[in-house]
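Below is one structure; the comments refer to it alone.
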Amino acid sequence: WILPTFRYSDERLFQTHGLDALMFVKFTWYAGLIALVQMVFSVVLLIPIYVTAENPNDVSGIDLLSMATVDKKSLRLIASLFAIIFNSLASYYFLYKLYSEYASYRLRVQNTRKMQSNFSVLVRDVPTSVTKEELLSELEALLPGQVENVVAGVYDKELEKKVQEREVTKLNLERAQAVLLKTSERPVHKVGGFCCCGGAEVDSIDTYTAALADLDQQIVLSQSKVSESSSAFIGSAIVSLTTTRMAKMAVRSLFMPNPAIWRPMNAPEPRDVMWPGLGTSHTSRVIRSIIVNTFITFLVFFWVIPVTFAASLANLSALASVPGLSFLSAINDIGAVVGIIQGFLPTLVLIIFWALLVTIIRAVSTAQGLPSKSIIDRSILSKYYFFIIFNGFFVFILSGSIFNSLDAMIDDPASIPTMLASSVPTQATFFINYVMIQSLAGHCMALWRPGPLIVRCIFHKYLSKSARDFRAAEFPGRFSYETAFVSHLMIFLLMSMYSTLSPFLMPFACIYFFFAYLSQKYNIVHVFVPDYEGSGNLWPTVFNRCIASLVVVHITYIGIFAAYIFPAAAIVAAVFIPVDLVLSCMIKARFHDVAKFGCLSESTEKEALLRSEYYENVETKYKVPLLCALEAPEVQSGSKGYVRIDKVSPLSSTGEVVIGIGSENTGSAAVKDMSVEFKSADAKAPSKGSFSTFSKPERRNTVEKSDGDLSLSF
């Protein structure tokens with residue numbers, strides 16, 4: 001699998017998995033190149049100098065390969081200064097090159113990809129008192145002759161409840177049909193009664209079929225009322241325009257003198273839209289952002305409490321001395337129980353806490369009322385990075401005395417470089433071990449994926465009944481770029497920090513990024529299924545965090561060179577801080593607006609081709625989920641789906657094949673012009689078949705026995 005993964009080109013990845021996947025893979029590759037360049041420089045220049053240094057502190061072991069062997073005021077520190085300069089310039093070069101490639105690909109997405117979002121504008125904060133007729137007339141007045149279609153966001157609580165109830169009923173019906181197919185007996189269940197006692201016994205299939213038909217009628221009536229009602233309008237609309245050129249101009253314009261209303265922005269692609277988030281007003285979003293950011297700040301600073309609690313479980317004797325926990329002294333006498341609690345429970349508690357962390361951050365980010373999944377993921381990346389860098393880096397290097405250190409930093413900000421300089425070198429061994437484990441074990445676990453494997457086996461064995469249940473158990477989900485980026489950024493910070501201070505870390509940083517390039521690229525291409533195309537919206541946030549990491553590194557080296565009484569080097573390190581910020585501003589000024597909004601000169605190229613091939617079916621692209629709950633989703637040409645063979649029997653001249661068909665995002669789908677081919681493990685197995693289209697997720701037909709491959713066409 002290694003060579004095929006490595007040969008999977010960037011262009012092919014861009015075409016098949018989008019710019020989100022491409023930017024993640026390219027960042028992993030370029031970070032590996034930065035690590036490789038810095039490692040070569042460190043091995044050739046720094047390690048020989050450190051090994052032959054005076055060693056005034058009488059260090060041993062790995063520390064013999066670090067800056068700790070160099071004496072104060074030593075001329076050998078000049079090599080360390082050159083290393084800082086070289087490593088910073090290498091990071092600048094590759095980050096600039098990567099941002100340049102990002103802008104180039106973004107222009108391709110905006111001007112050559114047949115995406116409905118390229119023709120559309122999302123208009124938020126429209127007064128909810130505006131009727132649909134007034135909305136259309138106002139947009140026609142603002143953009144005369146350019147409006148092709150308008151999808152107004154609507155919401156109705158009762159309709160949402162009915163849609164959810166229909167999904168539950170549909171799932172129960174599918175499970176009942178699966179039981180009938182498996183056992184040849186019609187399933188029954190009880191209705192009425194109290195606390196599962198009493199009640200009449202009814203046929204499950206007939207009951208759920210009738211309930212589903214009744215709900216369908218209710219939903220159709222509710223949808224008609226919501227479509228005609230102005231009170232259901234949530235104050236947002238997606239406006240599809242005639243050309244991409246007009247869409248770009250509209251996004252950069254003010255629709256009203258008051259910028260807080262009728263706010264235009266780039267429309268997310270249809271799968272990326274978060275319809276519930278479109279109903280929050282500007283004022284509500286500001287208030288929610290303040291509350292959420294305050295909550296995250298408290299969560300970051302007080303996360304040490306559950307971590308400390310988990311660590312305290314490893315010492316029952318100390319816990320027993322706490323008032324109110326004296327009963328633990330009795331457990332101390334039971335050796336087996338003590339071994340389990342002290343050896344297993346702390347790790348389990350920490351795993352649970354860290355697993356809950358991303359869920360908590362995602363929940364509060366969603367509650368902010370953000371308009372798209374990609375923006376929510378960008379918010380998660382920012383919050384998670386803040387959390388990991390604070391609790392995974394600063395808390396460790398300050399040896400747990402973070403609150404005392406914060407007081408000192410607030411009272412005397414000038415002490416920050418000195419404080420970091422005294423703490424960072426002492427944690428070199430810990431972070432070397434951390435990068436080593438992540439390099440050699442982390443990516444193996446990412447390929448193995450034991451957690452999903454165990455869950456899948458449990459669901460298949462005990463919980464899955466219908467075809468949809470099996471598909472849900474087998475569905476791998478999406479690749480979490482927002483959390484994977486943060487893991488890479490943590491290693492990027494560590495290698496930038498220790499490339500000069502302790503070069504022994506650099507080989508493991510190289511291994512980490514190049515192993516990540518193979519393992520995570522393999523998972524992106526062959527395992528995970530993207531649920532939306534964010535067009536690389538995470539990269540600007542990742543770039544800002546890279547610059548922030550370099551600023552932290554240069555602040556630290558001011559203190560380190562000052563501690564070594566090398567003022568010239570400390571001044572050079574201080575000069576790099578404004579260089580970091582100025583370079584960041586220059587790169588963003590050069591590429592950010594071009595990447596975000598595109599340019600008019602590029603919009604005219606292939607405009608007619610895009611419009612003729614894709615834009616003619618604009619009305620089928622953006623849909624409010626509540627208003628299309630009864631529509632069968634279509635599997636588009638080129639979409640990734642999957643087919644499961646439940647059974648083939650008997651293996652004679654004819655046989656019955658029961659299959660389940662699913663698209664990327666749905667339990668069942670209306671399949672058009674889709675073909676599936678695979679080789680049979682048994683030469684006697686049926687090899688040909690033609691299937692007609694049914695509306696149920698289980699589909700039956702007869703196949704003929706012959707030699708060769710089994711080809712199923714739908």
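For reference, positions follow the sequence shown, starting with 1.
Here the side chain of Ser229 pairs a donor or acceptor atom with the backbone of Ser231 at under 3.5 angstrom. Listed for the Thr280 side chain is a donor-acceptor partner under 3.5 Å among the backbone atoms of Gly369. When atom types are taken as modelled, the side chain of Gln368 and the backbone of Leu370 share no donor-acceptor pair closer than 3.5 angstrom. With hydrogens and angles ignored, the 3.5 Å screen pairs no side-chain donor or acceptor of Asn293 with any backbone N or O of Ile290.
Summarising the geometry of Cys546 relative to Phe492, their closest heavy-atom pair is O-CE2, 3.8 Å, with the distance given to 0.1 Å. When all heavy atoms of Ala250 and Val121 are compared, the pair lying nearest together is CB-CG2, 3.9 Å. What you find for Ser137 and Glu134 is that their closest heavy atoms are OG-O, 2.9 Å. For Gln110 against Thr244, the heavy-atom pair with the smallest separation is O-CG2, 4.3 Å. Of all the heavy atoms in Val624 and Ala152, the pair that sits closest is CG2-O, 3.6 Å. Between Ser222 and Leu159, the shortest heavy-atom distance links the atoms CB-CD1, 3.7 Å.
Side-chain contact check for Tyr155 and Glu160: at least one donor-acceptor pair (N or O, by modelled atom type) lies under 3.5 Å. Judged purely by distance below 3.5 Å, without hydrogens or angles, the side chains of Ser281 and Arg124 never pair a donor atom with an acceptor atom. Judged by distance alone, the side chains of Ser240 and Glu148 never bring a donor and an acceptor atom under 3.5 Å apart. Residues Ser284 and Arg288 have side chains that bring a donor and an acceptor to within less than 3.5 angstrom of each other. A side-chain donor from one of Asp272 and Ser374 sits under 3.5 Å from a side-chain acceptor of the other. In summary, the side chains of Ser487 and Tyr385 do not present any donor paired with an acceptor at a separation below 3.5 Å, with no hydrogens or angles considered.
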Run the salt bridge (charged side-chain N to carboxylate O under 4.0 Å, His left out) test on Lys373 and Glu533 for me, step by step, so that the C-alpha distance in whole Å, both residues' side-chain angles and the decisive distance to 0.1 Å come before the verdict.
CA-CA 9 Å; Lys373 298 174 186 176; Glu533 169 57 38; over 6 Å; no
Give the intermediate values and the outcome of side chain to side chain contact (heavy atoms under 4.5 Å, CB included) for residues His488 and Thr28.
CA-CA 7 Å; His488 287 5; Thr28 305; 3.1 Å; yes
Could you walk me through whether Leu122 and Leu278 pass the side chain to side chain contact (heavy atoms under 4.5 Å, CB included) check?
CA-CA 10 Å; Leu122 172 61; Leu278 297 183; 3.9 Å; yes
Tell me, with the steps shown, if Thr16 and Tyr8 meet side-chain hydrogen bond (donor to acceptor under 3.5 Å, both in side chains).
CA-CA 11 Å; Thr16 58; Tyr8 202 95; 2.9 Å; yes
Decide yes or no on side chain to side chain contact (heavy atoms under 4.5 Å, CB included) for Ser584 and Phe543, but give the supporting numbers first.
CA-CA 9 Å; Ser584 172; Phe543 172 80; 3.7 Å; yes
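By the 4.5 Å heavy-atom criterion applied to side chains, Glu138 and Val130 are not counted as neighbours. Counting heavy atoms from C-beta on, the side chains of Asp156 and Lys225 never come closer than 4.5 Å. Residues Arg285 and Asp125 meet the side-chain proximity criterion, which asks for heavy atoms closer than 4.5 Å. Here the side chains of Val150 and Ile238 are not in contact, with every heavy-atom distance at 4.5 Å or above. Using a 4.5 Å cut-off on side-chain heavy atoms (C-beta onward), Thr294 and Phe298 make contact. Side-chain contact between Pro270 and Lys623: absent, with no pair of heavy atoms (C-beta onward) separated by less than 4.5 Å. A heavy-atom distance below 4.5 Å is not found between the side chains of Tyr208 and Arg175. At a threshold of 4.5 Å between non-hydrogen side-chain atoms, the residues Asp20 and Tyr532 count as touching.
Annotation: Met586, atom CE; neighbour count of heavy atoms from other residues, nucleotides and ligands within 6.0 Å does not exceed 12. Within 6.0 Å of atom CE in Met249, 12 or fewer heavy atoms from other residues, nucleotides or ligands are found, so the atom counts as exposed in its surroundings.
Salt bridge Glu165/Lys170: absent, no basic N to carboxylate O contact under 4.0 Å. Electrostatic pairing of Asp531 and Arg271 does not count as a salt bridge here, judged by no charged N lying under 4.0 Å from a carboxylate O. Salt-bridge check for Glu482 with Arg362: passed, with a basic side-chain N closer than 4.0 Å to an acidic carboxylate O. Contact check on Arg478 versus Asp377 returns a salt bridge, with a Lys/Arg side-chain nitrogen under 4.0 Å from an Asp/Glu carboxylate oxygen.
By the 30° and 60° cut-offs, the orientation of the rings of Trp539 relative to Phe27 is tilted.
Within the 6.0 Å centre-distance limit, the rings of Phe24 and Phe479 are counted as a close aromatic pair. For Tyr99 and Tyr96, the ring centers sit 6.0 Å or farther from each other.
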Return all side-chain donor-acceptor pairs below 3.5 angstrom for residues 588-599, not counting sequence neighbours, or 'none' if the list is empty.
| residue | atom | partner | partner atom | Å |
| --- | --- | --- | --- | --- |
| Lys588 | NZ | Asn544 | OD1 | 3.3 |

